[in-house]
Amino acid sequence: MLKATLRSFLAHKGRLALSALAVLLSVAFVAGSLIFSDTVSRTFDRLFASTAADVTVSPRQDLPSRIPSGATPTLPASLAARVARVDGVSAAHADVAVQNITVVDRRNDPVGPTTGAPTIARNWSVTEHSPVRLTSGHAPQGPGEALLDADTARHKHVRIGDTLTVIARPGSFKVRVAGIATFTTTNPGAALVFLDTPTAQTRLLGRPDVATSISVDAAPGVSDARLRQRIADAIGSTSYDLRTAAEQAKSDTDRLGAFLDVIKYVMVGFAGIAVLVGVFLIVNTFSMLIAQRTRELGLLRALGAERRQVRRSVLTEALLLGLVGSTLGLAAGIGLAAGLIRLMSVFGMNIRSTEMVIGWVTPLAAYAVGVGVTFVAAYLPARRAARVSPMAALVDAEVAGAGRPLTLRAVAGAVVGALGLAALAGCARATRTAPATTLLGIGVVLTLVATVIAGPLLVRPLIRVLGAAFPALFGSIGRMSQRNALRNPRRTGATASALMVGLALVAGMSVASTSMSRSFDQQIDKTLGADFIVQSRSGTPEPFPQEITDRVRATEGAGLVVRQRYTPVAIVLPDGTRIETSATAFDSRLDEVAHLTYVRGGSATALADGALAMDAAFAKDHGVRLGSRLPVRFPDERRTHLRVGALTNQAGSNNFSTRGGLFFGMGTLQRYVPQGQDTALFVNAAPDTSKDRLRARLEKALAPYPQVQARDQADYKKLVHNQIAVLLYLVYALLGLAIVIAVLGVVNTLALSVVERTREIGLLRAIGLARRQLRRMIRLESVVIAVFGAVLGLALGIVWGLCTQRVLALQGMKALAIPWGTIVAVMVGSAVVGVVAALLPALRASRMNVLAAIAHE
């Protein structure tokens, strides 16, 4: 049996190659993501471990926030002298490091990275933990000199002697590049500018007596943990965070983890799609191979092979296929990881391919995925093979399973489908986001499974409709192509399911994203009343210096200017819930630039001194009433009680609300967070100035500040659309992968079908069917299968999209929009996919020798 299995595997290696390719793609994404994340993690672990001081003293940040306020936490610089006197300290020095800066060259082009990595300004202090070393020029001396890291200087064509402008919170200032510093370890992608310590304190922090941290070196023989305890005893640990080198490195690594997780989850998504679609391909391939080997398997049974031996033989073939595909996939994954590492260099993260890390988990996961997928996918065909009767060796058996009743599928599909539809219906009727999201996930999974199970039941009615025009358009060729697709509903359903998965995904996300865009358009039209918004070029709430606000206010033709700022806060609600969130602050004339909907109160009471506004639904959930006094904590342990002056209905408006929709007056914020920075300016044109003229003047005024941009409502809508499109592009990439594997599935099905129908094709050719007609027949069969998969996928995806929109409606995004243009384009594209997938099988069929085909057994 082992010899027979090996010979069978080698005899059909050409037919199994496409299935192996599906396994290869699945394994490549799994292995590539693991290798890439392990390599980046190991590289940054070394970087953080080598650059962290033995003990780091930092200001305590007890209110983390995803939206920055612009205020830089500081501590007294004199603390370094106190720490230096602690027993066991060999050296202690004050550090200054800020990220909320922009550096531009003489053409006002950003010198820092524009791909998301930070631009960091630091004080120049050489220690054994320094991430860079001076390689040319000299150290910065005085307020007019700076160092620049070598990677940034090379990428931005900056040389020693060039003048740069640093735009910091206290104000802009010019520096001359006095030297170049080179990273001693991996460049994490940031741009580094170094100033001398007094300049860094006054120009970056606005005060000469503060720092952002204290770096401490331990004396020989003193452990980091013991030194940290001694320092804590000396200066107190309630106002400061004290971390050892290992703890600081872990903290830095955890912050990097969010970035790595995004890449890892994206690649796992690709791997998941490849696995899911690949399962259909492998099941179909093994089912067809077993159907074609019915007489061979019957002969083995007649010669004494037991059922378990036949089943083991098929599973052994699947195991061999999984091993081959996994091995090739692991190699492809290494190549994919190398490509990702090179891609990171484009974003400024210079990781060497020679430092690639391949841990033991990677090959284990690769073979577990590859072998596991093929083994599971081949199990049902293997059981079917074991049921072949010895009598099958004596008859010219038809395709196995082609005429078996589909009663069991109908019952199972109906039950699972009913449960899935019930979950989706519950999602549509839900009034809270959390249960609606849970029901949506359950409904999506169950309806997908139900469609896969019941797919063969839909083949005959839908194929008859989709191919109804074939006989009229193509005559007998069209009729035969339609009947070939109807011949084996199980095979047609499984082949179409691979394409259905990808198209259902893209249809559902297209409906959701289009509805989101339409909702944001309506929200912007309804809420935003300003002529222009000045904010970060990326559209995210990034703080900018006061001088930009001053420049906008001084622009000729600028009338009303309303500022927006964010701050982290902690608030205790009447029901005992304590939340940490971001609150927004506005100037008093908010109503003139925004149209907020109030349930109780108004802007005057919301922005009054000592008051705040809250989303009405959030307030109701936590027992908050108009007039309630709530304890609020700001950064640096500043505490107060604020009275609820207004309740709003702003769910879904990302312009003005965060969790809880908290906002208050600018006066309140400046009292408790005096060093905060503006994140947006809402600008109205003066009565005697047109919008076009004000736009031109704002663009000229903001030219020296490339980090911000003035946008009108149309620009703002376009920005939101582009941000939503990023998610859609990812979905399209997943669709592309699914289509690639689905095409492989159609090619494989048609190729094996051609082999299966060799004798039939020979007879057709013998009675006068031309090669061109034969190719057309196979192409039409492929097209109708692909369109069938597209119809199922689009129908399923639209239902998912409609339910997703109901979930979004609970967050205020109530507009529904179905992208009919995308739907039509996908239908046309699926027909093209069918034509492409049929090219090679049709060409092979047309080249058959007629006599050899007729004599084929």
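Starting from 1, each residue takes its place in the sequence as its number.
- Residues Thr648 and Phe663 form a side-chain contact, since some pair of their non-hydrogen atoms from C-beta on lies under 4.5 Å apart.
- Heavy-atom minimum distance, Ser513 versus Ile724: CB-CG2, 3.6 Å.
- For the atom pair Met614 CE and Leu573 CG, the distance stands at 5.5 Å (nearest 0.5 Å).
- Checked by atom type and distance alone, the side chain of Arg565 pairs as donor or acceptor with a backbone atom of Gly676 at under 3.5 Å.
- Rounding to the nearest 0.5 angstrom, the gap separating the OG1 atom in Thr119 from the CG atom in Asn100 is 11.0 Å.
- Under the 3.5 Å distance criterion, the side-chain polar atoms of Gln805 are left unmatched by any main-chain donor or acceptor of Val511.
- Residues Ala507 and Ile798 come closest through the heavy atom pair CB-N, 4.2 Å.
- At least one donor-acceptor pair closer than 3.5 Å links the side chain of Asn684 to the backbone N or O of Asp531.
- The 12-atom threshold is not exceeded at CZ of Arg693, counting heavy atoms of other residues, nucleotides or ligands nearer than 6.0 Å.
- The main-chain N or O of Ile524 is never found under 3.5 Å from a side-chain atom of Thr527 such that the two would form a donor-acceptor pair.
- Defined by atom type and a distance below 3.5 Å, a donor-acceptor pair is present between the side-chain atoms of Asp575 and Thr577.
- Put simply, the side chain of Met666 does not reach to within 4.5 Å of the side chain of Val562, judged on heavy atoms.
- In this structure, Gln709 and Asp715 have side chains that are not in contact, with every pair of non-hydrogen atoms separated by 4.5 Å or more.
- No donor-acceptor distance shorter than 3.5 angstrom exists from the side chain of Arg638 to the backbone of Val673, with no hydrogens or angles considered.
- Around CZ of Arg578, the count of heavy atoms belonging to other residues, nucleotides or ligands within 6.0 Å exceeds 12.
- At a threshold of 4.0 Å, the pair Glu547-Arg551 does not count as salt-bridged, since none of the basic side-chain nitrogens sits closer than that to a carboxylate oxygen.
- Not one N or O on the side chain of Thr605 forms a donor-acceptor pair closer than 3.5 Å with the backbone of Ala646.
- For the residue pair Leu505 and Trp800, the shortest heavy atom distance occurs at N-CZ3, 4.3 Å.
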**Request:** Applying side-chain contact (heavy atoms from CB on, under 4.5 Å), run through Val644 and Leu612 and close with a yes or a no.
**Result:** CA-CA 5 Å; Val644 178; Leu612 61 77; 4.1 Å; yes
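- To the nearest 0.5 angstrom, Glu592 atom CD is 5.0 Å from Leu560 atom CG.
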**Asked** Checking side-chain contact (heavy atoms from CB on, under 4.5 Å) for the pair Phe586/Gln564: CA distance, chi angles, key distance, verdict?
**Response** CA-CA 5 Å; Phe586 297 100; Gln564 178 194 55; 3.6 Å; yes
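- The pair Asp587-Arg563 meets the salt-bridge criterion, since a charged nitrogen lies less than 4.0 angstrom from a carboxylate oxygen.
- More than 12 heavy atoms of other residues, nucleotides or ligands sit less than 6.0 Å from atom CZ of Arg537.
- Of the possible donor and acceptor atoms, one in the side chain of Ser515 sits under 3.5 Å from a partner among the backbone N and O of Ala817.
- Separating the CG atom in Leu607 from the OG1 atom in Thr668 is a distance of 8.5 Å, to the nearest 0.5 Å.
- The local environment of CD in Glu556 is sparse, with at most 12 non-hydrogen atoms from other residues, nucleotides or ligands closer than 6.0 Å.
- Within the model, atoms CZ of Phe618 and OG1 of Thr581 stand 7.5 Å from one another, a figure rounded to the nearest 0.5 Å.
- For the pair Tyr566/Pro543, no side-chain contact is recorded, criterion being any heavy-atom separation below 4.5 Å from C-beta on.
- Inter-residue side-chain proximity for Val572 and Leu630 is flagged as unmet; no heavy-atom pair is nearer than 4.5 Å.
- The two residues Leu810 and Ala430 have their closest heavy-atom pair at CD2-O, 3.7 Å.
- A 6.0 Å sphere centred on CZ of Arg625 holds no more than 12 heavy atoms belonging to other residues, nucleotides or ligands.
- Atom NZ of Lys814 has 12 or fewer heavy atoms from other residues, nucleotides or ligands within 6.0 Å.
- Annotation for Arg429: atom CZ does not count as buried by contact number, only 12 or fewer foreign heavy atoms lying within 6.0 Å.
- In this structure, Ser519 contributes its side chain and Ala815 its backbone to a donor-acceptor pair below 3.5 Å.
- Pro545 places none of its side-chain heavy atoms less than 4.5 Å from the side chain of Tyr705.
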**Request:** For side-chain contact (heavy atoms from CB on, under 4.5 Å), just list the numbers for Arg671 and Thr640, CA-CA rounded to whole Å, side-chain angles, deciding distance to a tenth of an Å, and then say yes or no.
**Result:** CA-CA 11 Å; Arg671 182 178 299 113; Thr640 189; over 6 Å; no
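- Side-chain contact between Val720 and Met516 is absent, with no heavy atoms from C-beta onward closer than 4.5 Å.
- Taking CZ of Arg806 as the reference point, atom CG of Leu816 lies at 9.0 Å (rounded to 0.5 Å).
- Looking at Gln535 and Thr679, their side chains never come closer than 4.5 Å, going by heavy atoms from C-beta outward.
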**Request:** Check the pair Arg432, Asp621 against side-chain contact (heavy atoms from CB on, under 4.5 Å), reporting the backbone distance first and the verdict last.
**Result:** CA-CA 11 Å; Arg432 299 176 65 90; Asp621 290 342; 4.1 Å; yes
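- A distance-only check finds no donor-acceptor pair linking the side chain of Arg553 to the backbone of Ala558 [under 3.5 Å].
- Nearest approach of Ala168 to Leu204, heavy atoms of both residues: CB-CD2, 4.1 Å.
- Between the Thr212 side chain and the Ala97 main chain, a donor and an acceptor come within less than 3.5 Å of each other.
- A salt bridge between Lys691 and Asp712 is absent, with no side-chain N of the basic residue lying under 4.0 Å from a carboxylate O of the acidic one.
- Pairing each heavy atom of Glu580 with each of Ala570, the nearest pair is CG-CB, 4.2 Å.
- Within a 6.0 Å sphere centred on CZ of Arg697, other residues, nucleotides and ligands contribute more than 12 heavy atoms.
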